[in-house]
Protein chains: 2
Amino acid sequence: MSDDLRELPLRERKKLRTRRALAETALRLFTERGYDATTLDDLCDAVEVSKRTFFRNYRSKEDVALAADSDLWSAYLDRVAVARLDGPLLEALRAALNATLEDMDPDWERRFLATRELSESVPVLQSHSLGYCQDTTRAMVETLAGRSGAGVDDTCLRLTVEIFVASWRTACLRWTAQGGQGGRDGLTDLIERTFALIPDALTCAA
Amino acid sequence: MSDDLRELPLRERKKLRTRRALAETALRLFTERGYDATTLDDLCDAVEVSKRTFFRNYRSKEDVALAADSDLWSAYLDRVAVARLDGPLLEALRAALNATLEDMDPDWERRFLATRELSESVPVLQSHSLGYCQDTTRAMVETLAGRSGAGVDDTCLRLTVEIFVASWRTACLRWTAQGGQGGRDGLTDLIERTFALIPDALTCAA
DNA sequence: GGCGACAGTGCCACTGAGTGGCATTAGCTG
DNA sequence: CAGCTAATGCCACTCAGTGGCACTGTCGCC
């Protein structure tokens, strides 16, 4: 994931730099001044880019705020697409998630925590973030269904993926509430414990 | 739920009528012309209301499109708040959902199906709709946690509710894909079958 | 090394969602 | 009928997001 490759054409390098500066500065401004209180003009001013350029890099104000989320999901999808995935699906998906988390850029963790905190406190970001989860779910179901042929019940497959994502979000929520305690390992740990709770969750009494 | 009560003060009646006209017309226009292609000015023109009045009734363009969703969730929350809920929580939540569905206004079913179809095809509505689910989840966890004291593990409780919502959405997705086949009973049926699939979903192989 | 092609950018004008303020209307009350 | 107040209409404004066009820095080619 650490693609600091200076071996790109100069144009690509510049563009990538701009992309990163936008995401980085956006996260800082949104956190410092608040999401609504920060206009895109403010952001573009700070990065010294025109608004038009912003929209060539990100589709919306929400998108740039959730860049760290997006990075994770796209890395995860890539991995699932090529991974072997043997044994119980739910377990395999979790293993792939752990592997993806370990492979993320060292700086990603900090950005991700800030993004999660922001997302918790801004409803529109929350919704948008859930939209990402949904898109990822859909893509995963397609990938997995295509791979195992028509042998697997579609509803069952979808349900598995939905439960996977629900567990991830539950773990993630707690991690964020703890201020990202334990860093990446802490998160992995919470994921493991949350998944272990699933059987209890199905049977626990009111 | 069928609150066609003509026994309200005249002012309230008018306001309610406007609210309903907005939701009804919005659903029709969004379906006929497309969500993006319909501006709020178009809608307000059709209902003969000022845009200012629209925003006194609904918080956003997405809100009015998802009014049927909102109706369901708010009715469901009301029920969960007063229901008895004995036995396994997941089962109790499902029973409460069935009961809520049965109690919905006769016309609600049609509106809901149209809303679901719209939501499937418009990303921003999809996200917003997921936001509703999330808000409902949060509210339910609070209600349930408050009721059973500190005896229940918070993470486990949340996980249960998340799995409940995930199952509902999976059932709902299929119902919508089938064009609402079987109406309300068909939906209830799908819900039952989807919930029955949960154990399989946890163990099914890749 | 100069030169054309072209991706990426800046600038400008525009649409449409959403808000605040204030005057006006219409329903309620005595 | 007169007075109160909630609801509405109207107007002006901010800001997200888009389309068009001119410009410039980078790359490839001779």
Side-chain angles (χ1 to χ4, degrees), chain A residues 5-23 25-27 29-30 33-67 70 118 122-129 131, chain B residues 5-23 25-27 29-30 33-67 70 118 122-129 131:
Chain A
L5 307 183
R6 307 273 151 183
E7 303 314 325
L8 286 170
L10 184 53
R11 245 199 296 213
E12 306 286 330
R13 239 183 295 171
K14 276 190 147 181
K15 185 166 185 177
L16 195 56
R17 223 182 323 251
T18 302
R19 254 191 84 85
R20 289 186 177 167
L22 280 170
T25 310
L27 210 49
L29 291 183
F30 292 162
R33 311 185 194 171
Y35 180 77
D36 287 327
T38 309
T39 70
L40 288 183
D41 288 318
D42 292 342
L43 173 58
C44 293
D45 252 31
V47 185
E48 295 182 294
V49 179
S50 79
K51 210 168 58 163
R52 204 69 193 77
T53 294
F54 171 86
F55 282 106
R56 286 193 194 94
N57 281 279
Y58 294 96
R59 271 193 288 190
S60 64
K61 190 180 177 183
E62 292 93 49
D63 254 53
V64 72
L66 298 174
S70 181
L118 206 52
V122 182
V124 67
L125 289 182
Q126 178 112 343
S127 295
H128 203 81
S129 164
Chain B
L5 307 185
R6 306 271 152 183
E7 303 315 323
L8 286 170
L10 183 54
R11 240 195 310 212
E12 305 287 330
R13 238 182 295 169
K14 275 191 145 179
K15 186 166 184 178
L16 195 55
R17 216 173 339 243
T18 302
R19 253 192 86 85
R20 288 186 178 168
L22 281 170
T25 310
L27 209 50
L29 292 182
F30 291 162
R33 311 186 194 170
Y35 180 77
D36 287 327
T38 309
T39 70
L40 288 184
D41 287 317
D42 293 341
L43 174 58
C44 292
D45 252 31
V47 185
E48 295 182 292
V49 180
S50 79
K51 211 167 60 163
R52 206 66 192 79
T53 294
F54 170 86
F55 281 106
R56 287 194 192 92
N57 281 279
Y58 294 96
R59 271 192 285 186
S60 65
K61 189 180 178 184
E62 293 94 46
D63 253 51
V64 73
L66 299 173
S70 180
L118 206 53
V122 182
V124 67
L125 288 183
Q126 177 112 343
S127 295
H128 206 260
S129 163

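Owing to the predicted nature of the structure, the values given are computational and were not obtained by experimental measurement. Just so it is clear: chains get the letters A, B, ... in the order the sequence lines come, proteins before strands, and each one is counted from 1.
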Taken in chain and number order and not counting sequence neighbours, the residues that satisfy side chain to side chain donor-acceptor pair (under 3.5 Å) with Thr18(A) are none
Residue set satisfying side chain to side chain donor-acceptor pair (under 3.5 Å) with Thr53(B), at least two apart, ordered chain then number -> Ser50(B)
For the atom pair CG (Leu43(A)) and NZ (Lys61(A)), what is the distance rounded to the nearest 0.5 Å? 9.0 Å
Hey, could you give me the CD/OH distance between Glu62(A) and Tyr35(A), rounded to the nearest 0.5 Å? 4.0 Å
Value in whole Å for how far the [atom2] atom of [N] lies from [atom1] of [X]:
X	N	atom1	atom2	result
Tyr58(A)	dA16(D)	OH	P	17 Å
Leu29(A)	dC15(D)	CG	C1'	16 Å
Asn57(B)	dG9(D)	CG	C1'	14 Å
Glu48(B)	dT25(C)	CD	P	18 Å
Lys14(A)	dT24(D)	NZ	P	13 Å
Leu16(B)	dA6(D)	CG	P	19 Å
Glu12(B)	dT5(D)	CD	P	17 Å
Arg13(B)	dC28(C)	CZ	C1'	13 Å

For Asp42(B), enumerate each residue passing the salt bridge (charged side-chain N to carboxylate O under 4.0 Å, His left out) test, keeping only those at least two apart in sequence or located in another chain. Arg33(B)
With a cut-off of less than 4.0 Å, is there a side-chain N or O of Ser50(A) near OP1 or OP2 of dC11(C)? no
In short, the helix from dG1(C)-dC30(D) to dG30(C)-dC1(D) is bent end to end, axes from five pairs each side, to 10°, by 20°
Apply side chain to side chain contact (heavy atoms under 4.5 Å, CB included) to [X] and list each qualifying residue two or more places apart in sequence or on a separate chain.
X	value
Tyr58(B)	Arg19(B), Leu22(B), Ala23(B), Phe54(B), Asp63(B), Val64(B), Ala67(B)
Ala46(A)	Thr25(A), Leu29(A)
Lys51(A)	Leu40(A), Asp41(A), Cys44(A), Phe55(A)
Ser70(A)	Tyr132(A)

For a quick check, with a 4.0 angstrom heavy-atom cut-off, what is the B/S/- contact string for nucleotides 14-21 of chain C, read 5' to 3'? --SBBBBB
